[in-house]
Amino acid sequence: MSTEDSCPSKANPAIGRLPRPASMITNVDVSALVDTDGGMIDRSIYTDRGLYGQEMRRVFARSWLFLAHESQFKKPGDFFTTFMGEDPVIVTMDKTKTIRAYLNSCRHRGVRLCRADAGATKMFTCTYHGWSFDLAGALQSVPNEKAYPEDFDRKDWSLIDVPSLATYKGLIFGNWDPNAEPLEESLGDMRYYMDAMLDRDPEGTEVMGGVMKWELEGNWKLAAEQFATDWYHVNMSHASALMVMSPTGRGPKAEIAATPGRQFVAPNGHGAGFPTHPKSRFDAGPVHEYYDYPALRERLGDAAVEGPMTTGHATVFPNFSYLPVNGSIRVWHPKGPDKIEVWAWILVDKSMPDEVKDAQRLYNLRTFGPSGIFEADDGENWSEVQAISHGFVTNSVPLNFQMGIGSERNDGVYPGQTSELYSDAAGRSFYKHWAGLMNTPAWHEQGQPGQ
């Protein structure tokens, strides 16, 4: 299985063929809205419809976005439909077993070409007028083709491909930028923290079951930022869940509740937080018993097993997050400034016995699935923030991101810069990178009016 990531194709010439009027591409300087030195964020970045449109152009159209897991594609014709920002895409395996991705929109009248969530096919045929495209995206059949002009050429009407595709240890990412920075360079030191979940098993990982999907009221950044940086909310927001899961039913001991830990801070917006107290790990019993910890220490290193492999959470900028402790990987799909559609998979090690995989699945559902005891707490918080942020006065009051200012350093143990576990450092970095992208013309804006 390959993704042609070593040589991204050129952008489809159909993109941007018709110039957009300046009124459609007006961009706002967000410098005054994000003060990462002072640790303050303006709430309008969560509510403003114009800024949301700018995010689609300058953040999502130029960032590496998670699409699917390699284990979802076993033979040519297997496909999965998802989104890059609000752009629908089809991810499929072609006849050469190469993973490809296309804009899920028929080139004729723009209907969503494939409406199924996943499946297998030999051709993608539009239900509107019957145009059919093969697994390589080429237009193969046009009903009543003789009625078109003599210079009509099917080759000019292939599907719009996602020009840059790459995988990292089973995770498939796409980028609309045809000259995007290579995925592994974009991840940088984040790879070490991802490996604590993705590289435990020499056989790799696979997703188990289908995709869980649910909607939340809130802005996508609230969720992505929390998973990158916020351990501070755990003891308060999840107090009832921690009590349920503690052996005594009274919650964790003080030394565990105030656990030491670290927070990874990437300059390009990625972040990971993880406790390092040995009793902070609360994997499902069968999963904990399955792991050969001495072997994992030899494979990943002592620091990784004691830290990022524990109860932490992390975000790959902009909207892919994961929880190593229960194998949850998820995307925060933006659906307007006020709504998130969460897509979550259960990730397991391939070598796990079936009963251990099932224990991981059940543990995932009970903790961070759509009905999980932790998941419900988080969704409530984000929805509450969003619910009141449209108020005139409320929207003018900045939010505080000052915890841990100046604490970032190379600690000599974990790669890259880290901060204390209880810190907003990765959050500040997340928004600094977001603001930098928002204020910089993207690849598709070259030559457009107003740039």
Side-chain angles (χ1 to χ4, degrees), residues 2-13 15-16 27 30 34 36 54-70 82-85 87 89 91 98-103 160-195 198-199 220-221 224-225 227-228 264-272 314-322 329 331-332 334 415-417 426 428-448 451:
S2 66
T3 54
E4 300 184 329
D5 53 333
S6 60
C7 185
S9 63
K10 294 181 180 180
N12 193 303
I15 296 179
N27 293 300
V30 301
V34 177
T36 54
Q54 190 168 327
E55 285 180 334
M56 295 299 106
R57 299 189 297 272
R58 289 191 167 179
V59 176
F60 285 89
R62 74 196 317 177
S63 297
W64 285 104
L65 305 175
F66 176 76
L67 301 181
H69 191 277
E70 283 185 325
T82 183
F83 291 87
M84 297 175 69
D87 288 310
V89 295
V91 187
T98 297
I99 297 296
R100 296 178 176 272
Y102 308 103
L103 187 69
I160 305 297
D161 65 305
V162 178
S164 297
L165 291 176
T167 61
Y168 184 73
K169 297 191 176 176
L171 306 182
I172 303 170
F173 290 82
N175 194 319
W176 288 113
D177 185 346
N179 298 305
E181 177 185 30
L183 174 63
E184 292 205 16
E185 290 183 23
S186 176
L187 292 173
D189 288 325
M190 187 68 187
R191 291 173 294 173
Y192 170 88
Y193 302 92
M194 296 170 71
D195 288 352
L198 300 175
D199 199 28
W220 69 271
K221 294 187 291 298
E225 162 243 301
F227 270 63
F264 168 63
V265 183
N268 53 354
H270 314 313
T315 291
V316 174
F317 186 92
N319 66 329
F320 172 73
S321 297
Y322 64 89
I329 60 174
V331 177
W332 315 105
Q417 288 231 315
R428 290 190 294 272
S429 182
F430 178 95
Y431 287 115
K432 183 175 183 178
H433 184 60
W434 175 86
L437 294 178
M438 290 285 280
N439 282 345
T440 307
W443 60 273
H444 53 84
E445 296 178 291
Q446 305 302 320
Q448 292 283 2
Q451 304 305 318

How many angstroms lie between [atom1] in [X] and [atom2] in [Y], if you round to the nearest 0.5 Å?
X	Y	atom1	atom2	result
L183	I172	CG	CD1	11.5 Å
T36	K432	OG1	NZ	5.0 Å
L65	D87	CG	CG	9.5 Å

Could you tell me which non-hydrogen atom of [X] sits nearest to which non-hydrogen atom of [Y], and how far apart they are?
X	Y	answer
M84	N175	CE-N, 3.8 Å
L165	A101	CD1-N, 3.6 Å
G416	F264	CA-CE1, 4.1 Å
L198	L171	CD1-CD1, 3.8 Å
W176	A61	CB-O, 3.3 Å
Y431	K221	OH-O, 3.8 Å

Problem - F320: ring-ring contact (aromatic ring centres under 6.0 Å, His included) partners, not counting sequence neighbours - result: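 Scan of F320 (ring-ring contact (aromatic ring centres under 6.0 Å, His included), adjacent residues dropped) gives F66, F173.
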Exercise for the section: Determine whether the aromatic ring centres of W64 and F317 lie less than 6.0 Å apart. Expected result: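 Not close enough - the centres of the two rings lie 6.0 Å or further apart.
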Problem - Close aromatic pair by centroid cut-off 6.0 Å: W220 and F60 - result: yes
If the condition is side-chain contact (heavy atoms from CB on, under 4.5 Å), which residues does [X] pass it with, not counting sequence neighbours?
X	answer
S429	V265
A314	M190, A272, Y322
D199	K169, D195, R299, L300

Problem - Exam field: side chain T315 to backbone A224, donor-acceptor pair closer than 3.5 Å - result: yes
Practice task
Would you check if the side chain of S164 reaches a backbone N or O of D177 as a donor-acceptor pair within less than 3.5 Å?
Solution key: yes
Problem - side-chain hydrogen bond (donor to acceptor under 3.5 Å, both in side chains) evaluation trace for N27 with E445 - result: CA-CA 11 Å; N27 293 300; E445 296 178 291; 3.2 Å; yes
Side-chain donor-acceptor contacts of residues 433-441 below 3.5 Å, not counting sequence neighbours, with atom names and distances?
unit_1	atom_1	unit_2	atom_2	d
H433	NE2	N268	O	3.4
W434	NE1	E55	OE2	2.9
N439	OD1	V30	N	3.0
N439	ND2	D29	OD1	3.1
N439	ND2	S31	OG	3.1
T440	OG1	G436	O	2.7

Exercise for the section: Any side chain to side chain donor-acceptor pair (under 3.5 Å) involving residues 185-194? Give me the pairs, sequence neighbours left out, ordered by first then second residue. Expected result: E184-R191
Practice task
Return the set of residues passing side-chain hydrogen bond (donor to acceptor under 3.5 Å, both in side chains) with Y102 (not counting sequence neighbours), or none when no residue passes.
Solution key: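 For Y102 there are no side-chain hydrogen bond (donor to acceptor under 3.5 Å, both in side chains) partners, ignoring immediate neighbours.
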Problem - For S63, all residues meeting side-chain hydrogen bond (donor to acceptor under 3.5 Å, both in side chains), sequence neighbours excluded - result: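 Once residues adjacent in sequence are excluded, S63 has no partner under the side-chain hydrogen bond (donor to acceptor under 3.5 Å, both in side chains) criterion.
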